[in-house]
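Following: one structure in structure tokens, then a few remarks.
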Amino acid sequence: MSTAHAAPAAQDCVAVTEGRYAGTFATAGQTHCLQLPSPQGARIAALTSLGGAGVPVQVEVVDTNGTAQCTATELDRGGCALTGTAPFRALVHADEATETGSYGVHFVRTDVTQNGCQVLPAGSFADDAAAVRLETGDGVFSHCLTIPADAHSTSELLRIRYGFPDDTDLFPRYALSVVDTDGNGPPSCYDHPALGQQLRTDGLTSCSFTAGKAYTLLLQGQDAPRTHTLDRRDVTATARGCTVSAATAVGAPATTGTSGQIGTLRCHRVTTDAATDRLHINPRDVHDGTNVLVMDNNGGIACHQRTWACTPTGSTGYQVVTQVPENYHLPASYRLDAWRIATAAGPAPECPRVGSVAYGYGPLTGTLSEQRTGTCAVLPSVSGDRFRADITSTATDGSPGPQPALYDKTGRNLCTGSSSTYDCQGADQSLFVLSLQDWAGHSAYRADLVCTNAPCGSEDVSVGTVTPGTAQSGTVATLTVQGTALGMNTTVRLAGGPAPLTATTVSVSEDGRTLKASVDLRSAPAGNWSISVVALGSVYPRGTLTVTPPPVSGLGTYKPITPTRLMDTRSGLGVPKGKVGQGGTATLQVTGAAGIPAAGVTAVVLNVTATDPTTDSYVSVYPDGTTRTSASNLNFTAGQTIPNLVVVPVVNGKVSFYNNAGSVDLIADVAGYYTTDGTGSTYKPITPTRLMDTRSGLGVPKAKVGQGGTVTLQGTGNAGIPATGVTALVLNVTATEPTTGSYVSVYPNGTTRTSASNLNFTAGQTIPNLVIVPVVNGKVSFYNNAGSVDLIADVAGYYTM
């Protein structure tokens with residue numbers, strides 16, 4: 001400001017008025033002196049053309065002593081303060097010293113309202129909002145407008161639509177500046193370019209205004225045929241033309257809006273109960289073209305222009321401005337999600353609290369639609385956790401899987417990625433959200449959130465007690481492990497017999513502190529087995545399991561019969577139709593049915609199947625009329641179908657079935673009975689030996705057993721089994737790698753197969769069960785109902801006369 005310039009003599013300067021001035025450089029290198037009418041203390045703008053006709057020029061302003069008054073930027077933006085001694089002079093010269101010809105400068109006084117500046121009227125978000133149309137060309141390259149002091153809110157959204165020229169040789173340019181009238185500096189303004197918008201032919205600018213203060217808008221453009229259309233709208237809580245609705249619960253139906261034309265502005269006012277609420281605001285349409293700009297009650301920017309979700313807080317209301325900018329595909333309509341995802345008390349109450357994320361969360365399955373647009377859960381994660389979100393569409397119509405988000409307490413989405421795999425960072429208590437993709441109206445899905453640096457959350461792995469301490473040989477025992485950060489990949493191992501045993505993890509409690517595992521002791525010798533728990537590669541020795549010998553049989557001799565279904569609660573066979581409820585008992589008459597004598601029967605051999613249970617539970621099978629003990633025969637999880645072979649004494653010709661929790665359907669297929677009349681068979685144990693394996697072709701042709709297929713195994717004369725005199729075999733039958741859910745029936749060769757089943761399984765499952773099957777022609781047959789499956793049979797003993 002203090003740089004000294006050669007002060008031109010008064011007679012060398014041309015006196016000008018405020019407004020547009022046109023001059024001509026007759027010779028190269030000229031500098032024109034224009035004496036300004038502005039007094040000391042005034043503020044001015046000196047606008048020049050940004051291209052087009054005429055000579056490009058530069059302007060500097062000095063006082064009568066030649067002292068510089070302001071910078072070129074201040075002149076462009078209307079902030080040149082004349083602090084020196086009047087009269088003030090503008091020195092104008094060409095950008096290129098060699099150029100000659102006409103030029104123009106537009107002088108505007110910005111510290112007072114100018115009569116020559118057109119008023120920019122207040123508008124609304126109605127389609128017929130007031131606007132001002134401005135033209136350039138034929139020596140006109142700039143305009144000024146005023147916003148009266150009593151005609152604006154404290155925050156306004158300015159929109160300028162710029163007519164793209166036909167003369168593409170001249171790259172189009174314009175600049176818009178806003179200046180107040182009291183000299184305290186320009187208002188705070190922010191441009192909102194749409195994503196990927198290189199040339200702003202339809203631009204939005206938000207400005208914060210002071211009540212009672214007038215403002216001048218300066219449009220600096222080109223001396224070329226151009227059209228500029230300006231309008232302004234209140235974006236505070238008093239905005240006009242906004243559709244008003246309240247924030248909803250997560251997943252509630254969206255608000256629907258019509259898009260109008262390219263560039264059309266719509267406004268939704270979303271209200272919420274408290275300023276401490278945090279919202280999730282997301283525009284969705286089939287082209288992912290709808291942009292949103294979110295302002296709070298005071299018109300402050302809560303979310304900059306975007307097409308994806310934003311999470312504002314700090315206000316009880318928000319003006320959500322939607323627009324489909326140029327170069328975006330225009331949908332006919334759009335949906336706007338406005339969920340309340342958190343309050344001062346924490347995440348939204350409809351989001352369930354997860355007990356543990358030591359290994360992740362899920363799998364989750366379900367369907368999202370415009371009636372249920374999202375789902376959520378609160379995760380006990382901590383900073384430093386890392387997750388991989390695997391999202392799979394299960395729809396048959398090609399619709400995509402949902403969009404995951406993992407929000408921290410500040411509303412930041414910590415997930416990045418696209419398509420089906422996302423990387424997500426954890427925070428102290430994260431909110432996991434699944435929502436519809438922007439362009440999808442529905443989504444059937446499976447979602448897994450996998451901890452990639454397990455264990456996640458605040459708890460490290462620990463292993464406490466393993467119970468029970470004793471179990472009986474010849475049974476399938478359930479072991480319970482107490483600890484922290486236990487998972488389905490945590491395993492329980494037993495050592496001490498001829499070969500180690502690994503228990504199958506059946507379930508883990510939601511908080512990761514209780515694990516249940518099933519261990520097959522049907523061929524395990526009695527003795528002390530050491531227990532170890534393996535979690536994340538670490539081994540935790542945890543005492544001893546004492547396996548006791550099986551009880552000495554006083555049941556008499558065994559008589560095998562063709563496997564026959566005696567009970568099915570689904571159809572009412574043998575017992576009343578209906579699931580067995582919590583604490584409920586079903587009692588089945590077994591004697592006098594399916595070839596079982598009416599008298600002289602001491603016990604029956606049943607293959608008992610639990611199916612479609614509503615929750616984790618167990619079933620005990622015990623003699624009718626006796627006191628039930630704590631022994632269990634079947635342990636299962638919700639939705640699981642699982643069988644087990646049961647030998648149960650008969651009292652009053654009946655046996656009873658008790659269910660501990662929830663409700664479950666039960667099926668019982670009889671394989672034989674014990675009698676004391678001396679006519680039955682005697683059991684002969686042998687060293688467990690593999691007789692059949694369809695994977696290798698052992699005992700039967702090498703191939704999976706297909707749908708409706710049967711394989712037949714020669715049982716007698718093998719592995720120490722006599723060639724004659726054998727009435728039944730005791731087999732451990734295993735199904736592995738099934739292609740779909742199915743069941744397998746094991747029955748005497750040469751007989752008509754009944755509806756009885758011995759193994760029930762789901763696709764990909766490996767599951768064993770003990771089978772006692774009569775022998776006909778020295779053979780037994782294996783039937784598979786659906787898909788294809790490999791079958792394995794290990795003999796444990798036989799019955800003989």
Side-chain angles (χ1 to χ4, degrees), residues 43-45 47 77-79 108-134 142-162 174-192 200 202-220 228-244 263-269 293-305 315-323:
R43 280 187 298 115
I44 64 169
L47 307 178
R77 296 179 178 176
V108 181
R109 183 93 177 260
T110 60
D111 58 320
V112 293
T113 301
Q114 296 293 299
N115 293 331
C117 297
Q118 185 175 352
V119 171
L120 179 61
S124 74
F125 285 97
D127 286 343
D128 59 351
V132 170
R133 180 185 174 101
L134 304 174
S142 59
H143 291 275
C144 65
L145 301 101
T146 62
I147 299 177
D150 59 352
H152 62 76
S153 72
T154 56
S155 183
E156 305 247 336
L157 185 65
L158 308 179
R159 180 186 178 195
I160 180 166
R161 284 163 281 173
Y162 183 79
Y174 73 86
L176 185 67
S177 301
V178 184
V179 188
D180 65 15
T181 54
D182 64 3
N184 290 331
S188 174
C189 294
Y190 189 92
D191 289 339
H192 300 281
R200 298 188 69 212
D202 192 337
L204 300 178
T205 299
S206 58
C207 291
S208 298
F209 294 144
T210 301
K213 201 184 274 192
Y215 292 87
T216 299
L217 275 67
L218 302 174
L219 174 68
Q220 184 180 15
H228 308 74
T229 304
L230 280 78
D231 55 51
R232 65 184 176 93
R233 296 168 173 85
D234 178 8
V235 286
T236 69
T238 57
R240 293 183 293 129
C242 297
T243 302
V244 181
T264 298
L265 297 178
R266 304 287 192 211
C267 177
H268 299 263
R269 175 163 168 77
L293 173 64
V294 183
M295 321 297 287
D296 63 22
N297 275 345
N298 297 322
I301 301 169
C303 299
H304 294 285
Q305 191 168 12
S315 181
T316 57
Y318 299 91
Q319 288 61 253
V320 181
V321 180
T322 67
Q323 182 192 50

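The figures that follow rest on heavy atoms only: side chains count, while hydrogens, waters and symmetry mates do not. Throughout, numbering of the chain's residues begins at 1 and tracks the sequence.
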Backbone of [Y] reached by a side-chain donor or acceptor of [X] within 3.5 Å:
| X | Y | result |
| --- | --- | --- |
| S153 | S155 | yes |
| N298 | G300 | no |
| Q220 | L47 | no |
| T110 | G78 | yes |
| Q118 | T146 | no |

Would you give the length of the straight line joining atom [atom1] of [X] to atom [atom2] of [Y], rounded to the nearest 0.5 angstrom?
| X | Y | atom1 | atom2 | result |
| --- | --- | --- | --- | --- |
| R240 | S124 | CZ | OG | 5.0 Å |
| L134 | T229 | CG | OG1 | 7.5 Å |
| S188 | F209 | OG | CZ | 10.5 Å |
| D180 | I147 | CG | CD1 | 11.5 Å |
| L145 | Q114 | CG | CD | 12.5 Å |
| T243 | R266 | OG1 | CZ | 8.5 Å |

- Item | Residues that R77 engages under salt bridge (Lys or Arg N to Asp or Glu O under 4.0 Å), provided they are two or more places apart |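 Counting only residues at least two positions away or on another chain, R77 forms no salt bridge (Lys or Arg N to Asp or Glu O under 4.0 Å).
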
With sequence neighbours excluded, what pairs up with [X] under the side-chain hydrogen bond (donor to acceptor under 3.5 Å, both in side chains) test?
| X | value |
| --- | --- |
| Q323 | Q305 |
| T154 | none |
| S206 | H192 |

- Would a 4.5 Å heavy-atom cut-off, applied to side chains only, mark I160 and L219 as touching?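 I160 reaches L219 side chain to side chain.
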
- Task: Report yes if some heavy atom in the side chain of I301 is under 4.5 Å from a heavy atom in the side chain of M295; otherwise report no.
- Result: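 A side-chain contact exists here, since the closest heavy-atom pair is under 4.5 Å.
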
- Message: So, using side-chain contact (heavy atoms from CB on, under 4.5 Å) as the criterion, who are the partners of A129 when residues are at least two apart?
- Response: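 Counting only residues at least two positions away or on another chain, A129 forms a side-chain contact (heavy atoms from CB on, under 4.5 Å) with R233.
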
- At their closest point, which heavy atom of T216 faces which heavy atom of C144, and how far apart are they?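 So the two residues come closest at CG2-CB, 4.5 Å.
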
- Item | Closest heavy-atom pair and its distance - A151, A122 |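 In terms of heavy atoms, the two residues are closest at O-CB, 4.0 Å.
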
- Task: Not counting sequence neighbours, which residues clear ring pair (Phe, Tyr, Trp, His ring centres under 6.0 Å) with H228? List them please.
- Result: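 H228 satisfies ring pair (Phe, Tyr, Trp, His ring centres under 6.0 Å) with Y162 only.
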
